[in-house]
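Just so it is clear: chains get the letters A, B, ... in the order the sequence lines come, proteins before strands, and each one is counted from 1. The basis for the numbers below is simple: all heavy atoms, side chains too, and nothing from hydrogens, waters or symmetry mates.
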Protein chains: 2
Amino acid sequence: MRDQADTKDLSVGAWTKRCYFAGRALMDERLRPFDLGSTQWYVLWYLVNNGPSVQRDLGRALELERATLSGIIATLVRKGLIVQKSDGGDQRQRLLTLTAAGEALWRRIPDLSFIHDAAFGGIDEADLATTIRVLKSATERLQTLLRKD
Amino acid sequence: MRDQADTKDLSVGAWTKRCYFAGRALMDERLRPFDLGSTQWYVLWYLVNNGPSVQRDLGRALELERATLSGIIATLVRKGLIVQKSDGGDQRQRLLTLTAAGEALWRRIPDLSFIHDAAFGGIDEADLATTIRVLKSATERLQTLLRKD
DNA sequence: TTCATTTCGTTCGCTACCATACGATAGTTG
DNA sequence: CAACTATCGTATGGTAGCGAACGAAATGAA
């Protein structure tokens, strides 16, 4: 909403979009040499920090739909970075595990926490707290609206 | 990043994502009976408020890449809601105009401004201002990083 | 005028995301 | 036990979004 559209009345919604996509784009930029997308990176990140996991937990943690996650996992499997094997337990679910190639790739990937620092690091603590509070309540209101309407 | 991932240290980035997707999902929910996506709605909204426009202006206003907008416009043309015709001026650009069907559809669509109101309406003005300021500076820092790195 | 550069839109190939429907397995209740 | 229900993952088909490459048209410089 730039140009002839009024820049002045950009809503918070517009800024959330900008902020989200800017962050994603920055991650994608950094990950491109490794042929990895930002969401793929999050999956690896989760497996590195939580060990072998089932798709259900991964989906809940990253807040992705089952169908979405299925596609992403298929991509990672195709790349040989993770494997799905069913352990002895629930036969519906498959355990996701990093392959040696996946672990090797992870070691080569730079730390992406600088993205968060770059975006919010130099901002006053009180401002940050306010922002989180506002976004949190906004999100919760929207999600309430979504659920029971 | 819920569940066994620590909920407590959810970053602003995580809330931005949630907030953005919650808003989009809510719009999509409302627009589904009309077989319209939220971004498609924004295109119609722009044309209603700005009259026949060229793709360039639309893209800048909605902050969409040319390639992205091309696809969206193709969809809307296929649905018969808008048409592309080249006026006498610059032969590279096409003028986008609502069809009668497009205008008729627009009249049937409910006002979606309530989404913004529901999300941010009841929040203290000072908080809102702070939030916008923080998100704005965060975005600008990220985009600066993206451009020259 | 000619040539180089820029701009506008399209096309292609890809990831991400969701809704829907489906099959298979688990759990529950009669 | 059988039948119902819930859950997990997959497959399909659609929109959204971007990068890269392209042709066409406009613009600027030699």
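- Each of A:L95 and A:L69 belongs to its own hydrophobic cluster when Ile, Leu, Val, Met, Phe, Trp and Tyr are linked at side-chain heavy-atom distances under 4.5 angstrom.
- The nearest whole Å value for the distance from the CG atom in A:D87 to the C1' atom in D:dG9 is 14 Å.
- Protein atom CG of B:L58 is 13 Å distant from nucleotide atom C1' of C:dC8, rounded to whole Å.
- Under 4.0 angstrom from either OP1 or OP2 of D:dA24 there lies no side-chain N or O belonging to B:Q93.
- Under the ring-ring contact (aromatic ring centres under 6.0 Å, His included) criterion, the residue pairs touching residues 65-108 of chain A are A:W41-A:W106, with sequence neighbours excluded.
- Rounded to whole angstrom, the span from the CG atom of A:L31 across to the P atom of D:dG19 amounts to 14 Å.
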> Stepwise, does the side-chain contact (heavy atoms from CB on, under 4.5 Å) test hold for B:C19 with A:T16?
Replying inline: CA-CA 7 Å; B:C19 192; A:T16 45; 4.1 Å; yes

> Nucleotide by nucleotide, 5' to 3', does protein get under 4.0 Å of the base (B), only the sugar-phosphate (S), or neither (-) in nucleotides 16-26 of chain C, counting heavy atoms?
Replying inline: SBBB----BBS

Side-chain donor/acceptor pairs under 3.5 Å, residues 72-84 of chain A, sequence neighbours excluded:
{"unit_1": "A:T75", "atom_1": "OG1", "unit_2": "A:G71", "atom_2": "O", "d": "3.1"}
{"unit_1": "A:T75", "atom_1": "OG1", "unit_2": "A:R78", "atom_2": "NH2", "d": "3.4"}
{"unit_1": "A:K79", "atom_1": "NZ", "unit_2": "A:D35", "atom_2": "O", "d": "2.7"}
{"unit_1": "A:K79", "atom_1": "NZ", "unit_2": "A:Q40", "atom_2": "OE1", "d": "2.8"}

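- Contact between the side-chain N/O atoms of A:S70 and the OP1/OP2 oxygens of D:dG9 is not found at any separation under 4.0 Å.
- For residues 124-136 of chain B, every residue pair satisfying the side-chain hydrogen bond (donor to acceptor under 3.5 Å, both in side chains) rule, not counting sequence neighbours, is listed here: A:D127-B:R133, A:R133-B:D127.
- Regarding contacts with the backbone of D:dT10, a side-chain N or O of A:Q55 is found under 4.0 angstrom from either OP1 or OP2.
- The pair A:E63-A:R60 does not meet the salt-bridge criterion, since no charged nitrogen lies less than 4.0 angstrom from a carboxylate oxygen.
- For residues 77-102 of chain B, the set of pairs meeting the ring-ring contact (aromatic ring centres under 6.0 Å, His included) definition, not counting sequence neighbours, is empty.
- Atom-to-atom, CZ of B:R56 to C1' of C:dC8 comes out at 9 Å; the value is rounded to the nearest Å.
- Non-hydrogen atoms lying under 4.0 Å from DNA chain D are contributed by A:Q84, all within residues 77-86 of chain A.
- Whole-Å rounding puts the A:D35 CG to C:dG13 P distance at 17 Å.
- Atom-to-atom, CD1 of B:I73 to C1' of D:dG17 comes out at 14 Å; the value is rounded to the nearest Å.
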